[in-house]
Amino acid sequence: MRGSSFISRPPPLLSLLLLLLLLPPPPMRPIWAQVSTGAATRGTPVAPDCPKACACAPGGQAKCSALVLVAVPAGLSRRVRTLLLDHNRVRVLPRGAFAARALCCTWTCARTGCARCTHGPFWGLSVLQRLDLSDNQLEALAPGTFAPLRALRSLSLAGNRLALLEPAALGALPLLRALSLQDNALTAIPHDLLAGLPALDALRLRGNPWACGCALRSLCAWLRQHPRPASEAETLLCVSPGRQTLSPLTAFPDAAFRHCAQPLAARDLAVVYALGPVSFLASLATCLALGSVLTACRARRRRCRTAARRPPRRPPDPAPDGTASPENPVSPTAASAQA
């Protein structure tokens, strides 16, 4: 009886194995979650994938639109590829606003009421490709504002209050292909601005009060080299001067600017800079020499005038007794006898 009971009862090890096989397996956690958990337990801070106030979608998009934000949200992960910050209240973009971020595709900051970009707000975004600053209140751009964006391909500044766009503000953007400047207060485009954008092939300019003068020579030449649809070309009209009002920019050939002074080439500028110090020193030496000659002539003339004004020396009077005075030892009588 004991033997039969011993055989019918399974050993404890076998029972444990059967129990483990019957239990459901625990859920498997991904490796990156385990690494994050381990880092958190060690006290190392882990950057979140998305700011708390924003909504993030797969593919690295962070949507922070219409959240009444007054600054760039903190906590942007390096996995964020697209940042939507439109319809907020970001009035100023300070220096280093995107430090330690790695946006590589798109940043939209349209309709935020931004009125000023300080020097260097885009440091750290050297791989950004598309930037939208349209429909804000920008009136001027500091030099070097977009200089760090060497990979930028599309830039929109439409719908602002820009009256002047300095070439130093854009800098050299070798990959920029699309630039939107419509609906601003621009009257001209500097020559150096287009020269620093060799890859540019899309330039939107409608809605600006263009002043058709010598300052538009380079822009008109660029428009002739990059034809656009007639419907778009007809919207680029002159506002001043009076005789050119409502004339399209594309209607001005290069012959219309013959009276304008040609800008100096690089070789001419080098010659001017080289001859400038030499001509200055030569002029200075010439002035010193002429000044010395003039001073000498005046001194000589002054001596001559002094000598002419001096009275002539009178002869001495003879003595009463006919003897010679001490000044003239020869008496008059002797002088007449000698004669």
Side-chain angles (χ1 to χ4, degrees), residues 110-111 114 117 130-147 149 152-266 268-269:
R111 299 181 180 89
C114 183
C117 289
R130 290 183 293 275
L131 177 61
D132 185 1
L133 293 173
S134 60
D135 298 321
N136 284 292
Q137 301 175 14
L138 295 173
E139 297 181 357
L141 296 172
T145 299
F146 304 107
L149 307 179
L152 195 65
R153 288 170 170 79
S154 176
L155 174 62
S156 178
L157 296 170
N160 283 281
R161 303 176 181 177
L162 296 173
L164 180 63
L165 189 59
E166 294 289 347
L170 291 183
L173 300 176
L175 302 180
L176 189 68
R177 300 181 61 87
L179 178 60
S180 299
L181 298 174
Q182 67 264 28
D183 299 325
N184 277 281
L186 297 172
T187 58
I189 296 293
H191 170 74
D192 296 341
L193 187 143
L194 295 175
L197 307 174
L200 187 67
D201 57 9
L203 182 59
R204 298 174 180 85
L205 301 168
R206 62 175 176 80
N208 286 283
W210 301 111
C212 291
C214 294
L216 281 185
R217 182 172 190 169
S218 59
L219 177 59
C220 292
W222 190 94
L223 292 175
R224 289 194 300 269
Q225 297 173 2
H226 300 79
R228 54 193 59 219
S231 58
E232 184 179 354
E234 291 175 355
T235 61
L236 303 179
L237 303 177
C238 298
V239 175
S240 62
R243 65 176 182 272
Q244 303 294 349
T245 303
L246 300 183
S247 300
L249 300 186
T250 54
F252 294 95
D254 191 62
F257 300 95
R258 288 179 179 175
H259 65 283
C260 300
Q262 290 283 354
L264 292 178
D268 299 334
L269 290 175

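Below, all heavy atoms of this structure are taken into account, side chains as well, without hydrogens, waters or symmetry copies. Numbers for residues simply follow the sequence, beginning at 1.
In this structure Leu237 satisfies the side chain to side chain contact (heavy atoms under 4.5 Å, CB included) test together with Leu246, Pro248, sequence neighbours excluded. Looking at residues two or more places apart in sequence or on another chain, you find no salt bridge (charged side-chain N to carboxylate O under 4.0 Å, His left out) involving Asp192. Under the salt bridge (charged side-chain N to carboxylate O under 4.0 Å, His left out) criterion, Arg204 pairs with no residue, sequence neighbours left out. The side chain to side chain contact (heavy atoms under 4.5 Å, CB included) search around Asp132 returns Thr108, Ala110, Ser134, Ser156, not counting sequence neighbours. Applying the salt bridge (charged side-chain N to carboxylate O under 4.0 Å, His left out) test to Arg153 and every residue at least two apart in sequence or in another chain returns nothing. With sequence neighbours excluded, the residues satisfying salt bridge (charged side-chain N to carboxylate O under 4.0 Å, His left out) with Asp183 are Arg206. Shown here are the side chain to side chain contact (heavy atoms under 4.5 Å, CB included) partners of Ser240, two or more places apart in sequence or in another chain: Ala211. Under the rule for a side chain to side chain donor-acceptor pair (under 3.5 Å), the partners of Asp135 that lie at least two apart in sequence or sit in another chain are Arg111.
Of the possible polar contacts, one joining the Arg224 side chain to the Phe252 backbone as a donor-acceptor pair under 3.5 Å is found.
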Working for side chain to side chain contact (heavy atoms under 4.5 Å, CB included), residues Ile189 and Leu181: CA-CA 10 Å; Ile189 296 293; Leu181 298 174; 4.1 Å; yes
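Residue pairs satisfying the salt bridge (charged side-chain N to carboxylate O under 4.0 Å, His left out) criterion with at least one member in residues 167-180, sequence neighbours excluded, are listed as follows: Arg177-Asp201. Sorted by first and then second residue, the ring pair (Phe, Tyr, Trp, His ring centres under 6.0 Å) pairs involving residues 211-231 (not counting sequence neighbours) are Trp222-His226. Pairs passing the disulfide bond (SG atoms under 2.5 Å apart) check and including a residue from residues 171-213, sequence neighbours excluded, read Cys212-Cys238.
Between Gln182 and Ser180 the shortest heavy-atom distance is OE1-CB, 3.4 Å. Considering all non-hydrogen atoms of both residues, Asn208 and Ala185 come closest at OD1-N, 3.5 Å. Shortest non-hydrogen contact noted between Phe257 and Cys220 is CZ-SG, 4.0 Å. Heavy atoms only, all atoms of each residue included: His259 and Cys214 are closest at NE2-SG, 3.8 Å.
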Which atom pairs, donor and acceptor, lie under 3.5 Å between side-chain atoms of residues 157-176 and protein residues at least two apart or in another chain?
unit_1, atom_1, unit_2, atom_2, d
Asn160, OD1, Asn136, N, 3.3
Asn160, OD1, Gln137, N, 3.4
Asn160, OD1, Leu138, N, 3.1
Asn160, ND2, Leu133, O, 3.1
Asn160, ND2, Leu157, O, 2.9
Asn160, ND2, Ala158, O, 3.3

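Considering only heavy atoms from C-beta on, Leu223 comes within 4.5 Å of Leu205 through its side chain.
The CZ atom of Phe146 sits 8.0 Å away from atom CG of Leu152, with the distance rounded to the nearest 0.5 Å. Put simply, CG on Leu179 and CG on Leu193 are 7.0 Å apart, with the number rounded to the nearest 0.5 Å.
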